[in-house]
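Take a look at the structure set out below.
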Amino acid sequence: MTLFFLISIVLFGGTSGSSSSGEMSPEAYWKRLLPRTPIPDYLQPFIPKDLTGGVQKKAYVPVLGECKLYAAWRFGVTPEELKALHDTEFLFLPENLKPGSKTKKLDFVKKEREGRGWHAFLPRRTAEAFPFSVSKLDGILKYFSIEPTSTAARDMKETLVACELKANEGESRYCATSLESMVDFAISQLKTNDVRLLSTSILDKGTAAKGRVYTVQKGVSEFPYKDSVVCHVLGYPYAVFYCHKTINTSSHVLPLVAEEDGSRVDAGAVCHTETSSWNPKHATFQTLGVKPGAPICHFLPYGHFAWVANSAP
């Protein structure tokens with residue numbers, strides 16, 4: 001059965017797990033298309049619970065750090081802007097994949113706690129009917145009662161601009177406003193529904209939020225298939241994930257142990273091995289002291305994850 005045929009059945013055919021209005025729940029959609037891939041715990045807060053209502057006007061919760069400033073990372077930054085960026089410590093060079101390597105001071109726990117109040121996705125039908133473009137921004141701000149000069153309005157404009165940008169050479173990109181559309185994009189790009197989601201797991205629950213220097217342990221793993229779809233949460237009044245498939249990437253899990261207290265993290269990471277087309281003033285190059293073309297890596301803190309294939313398409 002082709003993936004297109006499978007998606008068509010799910011979209012237009014009957015199934016169990018539907019809401020009272022006849023719309024299939026996001027969980028049911030996931031299970032139908034990804035029967036071998038459980039929904040990871042960190043995605044649960046993003047799943048909408050009410051499939052019958054419209055777009056709820058909840059208080060805006062800002063998305064912090066690198067996800068908030070994704071457009072700046074894409075275009076490059078000035079030295080002054082670089083100083084104001086958060087989360088550059090999550091960047092590293094491929095040589096630091098080796099056991100015994102030290103990380104910069106990282107706070108994975110803080111990143112996870114920052115995300116606990118982030119908004120959920122919209123139901124697919126609602127998301128597809130609601131305006132989502134820079135040209136409609138004035139009306140969107142009015143709907144959510146957000147002042148045009150506010151920080152929230154700036155975040156929303158940055159998100160919409162990033163989502164409307166033309167893809168880089170060799171890149172496929174999509175801004176998902178529903179869980180179902182994110183699933184569809186990942187499957188379409190990887191050309192298989194035998195996938196897993198790569199993220200970061202904090203193994204010692206109850207660990208205090210603070211920066212820690214970690215040592216890479218033995219057992220670093222690399223996924224055999226190079227294609228991946230990486231998703232980053234963006235700032236908006238409901239969940240929006242910027243998902244993109246780029247060429248020449250590798251995906252890894254690094255077992256980390258903190259020098260200070262022995263706390264453990266299994267850190268997901270993605271390495272880009274071809275960066276020659278990137279902006280020379282990209283924050284990554286300035287942070288790591290390398291030039292376009294150099295391979296670079298980044299960890300996947302909360303709000304960032306990669307879809308990777310378990311088997312060849």
Side-chain angles (χ1 to χ4, degrees), residues 62-97 101-107 110-111 114 133-134 137 149 151-175 200 211 226 228-236 240-252 267-306:
V63 171
L64 304 176
E66 68 194 71
C67 28
K68 176 181 175 182
L69 294 170
Y70 181 79
W73 293 66
R74 178 185 177 97
F75 286 117
V77 294
T78 66
E80 291 73 24
E81 291 170 332
L82 181 64
K83 293 177 183 178
L85 281 179
H86 300 281
D87 299 337
T88 54
E89 67 271 18
F90 288 98
L91 298 164
F92 64 97
L93 295 172
E95 61 197 48
N96 296 118
L97 291 168
S101 298
K102 307 291 185 182
T103 71
K104 298 175 184 176
K105 188 172 284 189
L106 307 176
D107 194 343
K110 180 182 178 182
K111 296 301 298 181
E114 284 175 351
S133 70
V134 174
L137 180 59
T149 58
T151 300
R154 183 197 64 193
D155 292 350
M156 293 168 64
K157 183 176 181 179
E158 288 178 355
T159 290
L160 293 170
V161 168
C163 289
E164 293 180 2
L165 289 172
K166 182 180 178 181
N168 290 333
E169 183 179 355
E171 178 190 43
S172 300
R173 48 182 299 283
Y174 179 72
C175 280
T200 291
K226 299 299 183 182
S228 64
V229 173
V230 184
C231 296
H232 311 271
V233 67
L234 298 177
Y236 213 68
V240 174
F241 278 85
Y242 180 100
C243 298
H244 60 127
K245 177 190 174 187
T246 57
I247 59 175
N248 301 316
T249 60
S250 59
S251 302
H252 309 260
V270 172
C271 294
H272 301 268
T273 57
E274 172 50 59
T275 62
S276 58
S277 65
W278 292 23
N279 190 314
K281 294 184 179 180
H282 199 282
T284 301
F285 300 139
Q286 298 186 57
T287 299
L288 298 177
V290 295
K291 296 181 179 180
I296 61 92
C297 305
H298 60 84
F299 289 111
L300 296 168
Y302 188 82
H304 307 259
F305 51 87

Kindly give the heavy-atom pair with the smallest separation between Phe285 and Pro280, and that separation in Å. CD1-O, 3.8 Å
Apply the ring-ring contact (aromatic ring centres under 6.0 Å, His included) test between His298 and each candidate in His282, His272, His252; give the one that qualifies. His272
Quick one: CG on Asn96 to CG on Leu91, what's the gap to the nearest 0.5 Å? 11.5 Å
When rounded to the nearest 0.5 angstrom, what is the spacing between NZ in Lys226 and OG1 in Thr273? 7.5 Å
Out of Val161, Leu160, Thr159, Leu165, which one pairs with Cys163 under the side chain to side chain contact (heavy atoms under 4.5 Å, CB included) rule? Thr159
Roughly how far apart are Phe90 CZ and Asp107 CG, rounded to 0.5 Å? 7.0 Å
Using the ring of each side chain (for Trp, its six-membered ring), is Tyr242 parallel, tilted or perpendicular to His232, with breaks at 30° and 60°? tilted
Interatomic distance, Trp278 atom CH2 to Ile296 atom CD1 [nearest 0.5 angstrom]: 4.0 Å
Go through the structure and list residues passing salt bridge (charged side-chain N to carboxylate O under 4.0 Å, His left out) with Lys291, not counting sequence neighbours. none
For a side chain to side chain contact (heavy atoms under 4.5 Å, CB included) with Thr249, tell me which candidate from Cys271, Ser228, Pro295 qualifies. Ser228
Neighbour count >12 (heavy atoms, 6.0 Å) for atom NZ, Lys157: no
Flag the pair Asp87 / His304 as yes when at least one side-chain heavy-atom distance between them is below 4.5 Å, and no otherwise. no
Please list, chain by chain and in numerical order, all residues satisfying salt bridge (charged side-chain N to carboxylate O under 4.0 Å, His left out) with Lys102, sequence neighbours excluded. Glu259
Using side-chain heavy atoms (C-beta onward) and a distance below 4.5 Å, is Ser133 in contact with Glu164? yes
Determine, for cysteines Cys175 and Cys243, whether their SG atoms are under 2.5 angstrom apart. no
When rounded to the nearest 0.5 Å, the distance separating OG of Ser172 from NE2 of His244 is 11.0 Å
Using 0.5 Å steps for rounding, measure from the OG atom of Ser250 to the CG atom of Leu97. 7.0 Å
So, for Val270 and Ser251, which heavy atoms are closest and what is the spacing to 0.1 Å? CG2-OG, 4.3 Å
Quick check: does any side chain N or O of Gln286 sit under 3.5 Å from a backbone N or O of Val77, one acting as donor and the other as acceptor? yes
